[in-house]
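Read the structure below first, then the notes.
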Amino acid sequence: MLQLPKLQRMRNLASTEEAYEQCRQITAKHSKTFYLGTLLMPPEKRQGIWAIYNWCRRTDELVDGAQACFTTPETLDLWEQQLESVFAGCPIDDTDVALVDTLGRFPIEIQPFRDMIAGQRMDLYRSRYETFEELKLYCYRVAGTVGLMTSPVLGFDERYQTAPWNTPEEKALVIEQAIKLGIAKQLTNILRDVGEDAQRGRIYLPLEDLALFDYTEEELLKGVVDERWRELMRFEIQRARKFYTEAEKGVGALSIDARWAVWAALMLYRGIFEAIERNDYDVFARRAFVPKWRKLTYLPVAWLRAQAL
Ligand SMILES: CC(C)=CCC/C(C)=C/CC/C(C)=C/CC/C(C)=C/[C@@H]1[C@@H](COP(=O)(O)OP(=O)(O)O)[C@]1(C)CC/C=C(\C)CC/C=C(\C)CCC=C(C)C
Ligand SMILES: Nc1ncnc2c1ncn2[C@@H]1O[C@H](COP(=O)(O)OP(=O)(O)OP(=O)(O)O)[C@@H](O)[C@H]1O
Ligand SMILES: [Mn+2]
């Protein structure tokens with residue numbers, strides 16, 4: 001039996017406040033959009049999101065970051081052991097201290113975290129997706145899971161909780177909508193990063209879609225932008241927008257003090273599609289992003305949307 005190196009707990013771990021500050025810095029550094037979103041929610045909830053964001057970022061960096069070339073399946077096994085330790089209340093390193101504290105405050109389950117690691121394992125051995133169903137499983141694992149991780153922190157509106165129509169089926173529907181928001185954002189991320197991923201030999205767009213528009217893998221890897229490519233991108237964006245539309249129905253079930261943040265993060269991320277369209281679908285030569293001034297115009301609209309159930 002392969003003996004994995006034992007988890008080595010760091011000696012003097014950070015205090016809880018120091019650990020949350022480290023998580024805040026990581027969130028602010030890696031994602032302006034999500035960081036801005038967390039500032040729109042109450043302190044205890046934003047700290048919990050920072051702790052979850054940091055864990056997700058560390059998980060993603062294992063396969064997507066600078067140390068990815070050293071990452072093996074055994075690395076992810078060790079990372080999963082560390083996760084089990086955190087859920088047992090035993091932090092291994094500094095930022096684990098923040099996640100352990102968050103787990104003590106909110107009813108968060110471990111399975112979505114395990115599922116995200118399973119998604120990262122897919123990135124270790126897969127660089128193509130034949131069908132949208134295969135891609136959807138990947139998107140659930142790396143992004144739909146984030147909706148499941150964060151929903152207990154965001155909380156649910158009491159009117160929604162006590163409403164007579166709030167049947168188990170209704171609750172399941174809202175969970176589905178949380179997952180769909182994650183999938184929608186991952187699909188957005190995939191369309192934004194087609195060029196970046198192609199440079200690493202990765203194509204997330206389903207090959208069945210490329211064939212539909214008579215566009216080849218080789219042309220994608222070369223960054224060919226023509227009418228076939230634009231048609232393919234319009235098709236992908238249209239499908240991804242449907243996931244946002246579904247997810248929007250669930251935002252109203254969240255606590256009112258978290259709805260502004262989620263509406264803002266939803267609109268800011270979906271705004272990347274308009275940036276791709278403004279760039280005439282050239283995601284190879286130009287990174288699509290929402291300029292800061294435009295992000296700010298979304299905030300009052302997100303606030304208004306957040307007032308409605
Ligand atoms: C405001 C708020 C609630 C933010 C959530 C922040 C959070 C914990 C995000 C985790 C992001 C992360 C690092 C995941 C690891 C894998 C990964 C990279 C996933 C993709 C994210 C993109 O991150 P980024 O923009 O930094 O990408 P680059 O690395 O720079 O390329 C993903 C696209 C996943 C994002 C998924 C979500 C934020 C889940 C959204 C769902 C909810 C908040 C549930 C809402 C509930 C209902 C009922 C609708
Ligand atoms: N991975 C990246 N590669 C190239 N440029 C990037 C990258 N990430 C951010 N930028 C640049 O940072 C600026 C802001 O982009 P953007 O809003 O996407 O930032 P971000 O932190 O990636 O936000 P989010 O991760 O929430 O999308 C833009 O100029 C964008 O080109
Ligand atoms: Mn980013």
Side-chain angles (χ1 to χ4, degrees), residues 23-24 26-41 45-65 99 102 108 112-113 115-120 122-123 138-157 160 170-197 204 240 243-255 257-272 287-290 302 305-306 309:
C23 293
R24 184 195 69 77
I26 289 291
T27 307
K29 175 185 174 202
H30 284 281
S31 182
K32 300 173 184 67
T33 299
F34 296 142
Y35 183 64
L36 174 57
T38 61
L39 298 184
L40 306 178
M41 55 177 82
K45 292 187 178 182
R46 78 167 66 134
Q47 283 192 321
I49 298 295
W50 292 339
I52 294 169
Y53 181 94
N54 173 72
W55 186 88
C56 290
R57 177 51 63 198
R58 289 182 72 182
T59 305
D60 193 57
E61 294 282 306
L62 285 174
V63 178
D64 249 1
L99 187 53
T102 294
I108 300 168
F113 294 79
D115 289 348
M116 180 176 283
I117 294 175
Q120 300 300 344
M122 291 174 78
D123 268 339
Y138 171 77
C139 291
Y140 159 72
R141 285 177 167 172
V142 299
T145 50
V146 180
L148 298 177
M149 295 172 187
T150 56
S151 292
V153 177
L154 300 167
F156 291 95
D157 189 281
Y160 169 80
E170 272 295 311
K171 284 187 190 256
L173 185 59
V174 171
I175 296 306
E176 268 303 305
Q177 288 153 347
I179 291 170
K180 283 182 177 174
L181 183 50
I183 291 174
K185 291 187 179 182
Q186 185 58 30
L187 291 173
T188 311
N189 195 276
I190 285 169
L191 295 176
R192 179 189 76 184
D193 295 348
V194 167
E196 205 174 288
D197 293 329
Y204 287 105
F243 281 86
Y244 279 106
T245 304
E246 275 305 299
E248 283 186 337
K249 298 171 189 169
V251 181
L254 294 172
S255 303
D257 64 6
R259 292 207 294 260
W260 188 14
V262 175
W263 270 115
L266 183 156
M267 296 172 70
L268 289 170
Y269 227 81
R270 186 169 51 189
I272 292 172
R287 175 184 167 90
F289 69 97
V290 180
R305 298 289 304 257
L309 243 184

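If you read the sequence from its start, that first residue is 1, and numbering goes on from there. Whatever order the structure lists ligands and atoms in, that order sets their numbers, starting from 1. Quantities reported herein were computed from a predicted structural model and do not represent experimental measurements.
One option in Ala143, Gly37, Gly147 has a heavy atom closer to atom 34 (C) of ligand 1 than any other, and that option is Ala143. Between Lys249, Glu176, Arg259, Gln186, it is Gln186 that holds the heavy atom closest to atom 20 (C) of ligand 1. If you check each of Ala265, Ala253, Gly65, Ala51 against atom 1 (C) of ligand 1, the one with the closest non-hydrogen atom is Ala265. The option from Lys185, Arg57, Arg46 that lies nearest to atom 24 (P) of ligand 1, judged by heavy atoms, is Arg57. For the residues Phe34, Trp50, Trp263, the heavy atom positioned nearest atom 23 (O) of ligand 1 is part of Phe34. The option from Ala261, Ala178, Cys139 that lies nearest to atom 46 (C) of ligand 1, judged by heavy atoms, is Ala178. The nearest non-hydrogen atom to atom 48 (C) of ligand 1, considering only Gly250, Ala258, Gly144, comes from Gly250. Between atom 36 (C) of ligand 1 and the options Leu154, Asp123, Val174, Val146, the minimum heavy-atom separation is to Val146. When Ile190, Thr150, Asp64, Ile179 are ranked by how near their heavy atoms come to atom 43 (C) of ligand 1, first place goes to Thr150.
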| said: Could you walk me through whether Asp257 and Lys45 satisfy the side-chain contact (heavy atoms from CB on, under 4.5 Å) test, starting with their C-alpha distance in whole Å, then the side-chain angles of each, then the deciding distance to 0.1 Å, before giving a yes or no? | reply: CA-CA 9 Å; Asp257 64 6; Lys45 292 187 178 182; 2.6 Å; yes
| request: Kindly indicate, with the supporting measurements, whether the criterion side-chain contact (heavy atoms from CB on, under 4.5 Å) is fulfilled by Tyr269 and Asn189. | output: CA-CA 9 Å; Tyr269 227 81; Asn189 195 276; 2.8 Å; yes
| field | Trace of the side-chain hydrogen bond (donor to acceptor under 3.5 Å, both in side chains) decision for Thr38 with Tyr53 | value | CA-CA 10 Å; Thr38 61; Tyr53 181 94; over 6 Å; no
| query | Checking side-chain contact (heavy atoms from CB on, under 4.5 Å) for the pair Gln177/Leu181: CA distance, chi angles, key distance, verdict? | reply | CA-CA 6 Å; Gln177 288 153 347; Leu181 183 50; over 6 Å; no
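Here is the list of ligand 1 atoms found below 4.0 Å of a heavy atom in Arg192: 27 (O), 28 (P), 30 (O), 31 (O). Within ligand 1, the atoms closer than 4.0 Å to a non-hydrogen atom of His30 are 26 (O), numbered from 1 in the order shown. The ligand atoms of ligand 1 that sit less than 4.0 angstrom from a heavy atom of Asp193 are 31 (O). Which parts of ligand 1 touch Val142 is read off a 4.0 Å heavy-atom cut-off, strictly below it: atoms 16 (C), 19 (C).
For Tyr204, the side-chain hydrogen bond (donor to acceptor under 3.5 Å, both in side chains) partners are Asp123, Tyr138, Arg202, not counting sequence neighbours. Residues meeting the side chain to side chain contact (heavy atoms under 4.5 Å, CB included) test with Ala178, sequence neighbours left out: Ser151.
With Ser255 contributing its side chain and Leu154 its backbone, the two residues share a donor-acceptor pair below 3.5 Å. Side-chain atoms of Arg259 come within 3.5 Å of backbone atoms of Leu254 as a donor-acceptor pair (strictly under, hydrogens ignored).
Val142 and Val146 get closest at one heavy-atom pair: O-CG2, 3.8 Å. Between Val153 and Ile108, the closest heavy-atom pair is CG2-CD1, 3.7 Å.
Using a 4.5 Å cut-off on side-chain heavy atoms (C-beta onward), Met149 and Trp55 make contact.
Polar contact with ligand 1: present for Asn189 (N/O pair, distance under 3.5 Å). Not a single N or O atom of Thr38, backbone or side chain, sits closer than 3.5 Å to an N or O atom of ligand 1. The shortest N or O to N or O distance between Tyr269 and ligand 1 is under 3.5 Å.
Residue Thr59 does not touch ligand 1, judged by heavy-atom distances below 4.0 Å. Using a 4.0 Å cut-off between heavy atoms, Met149 makes no contact with ligand 1 at all.
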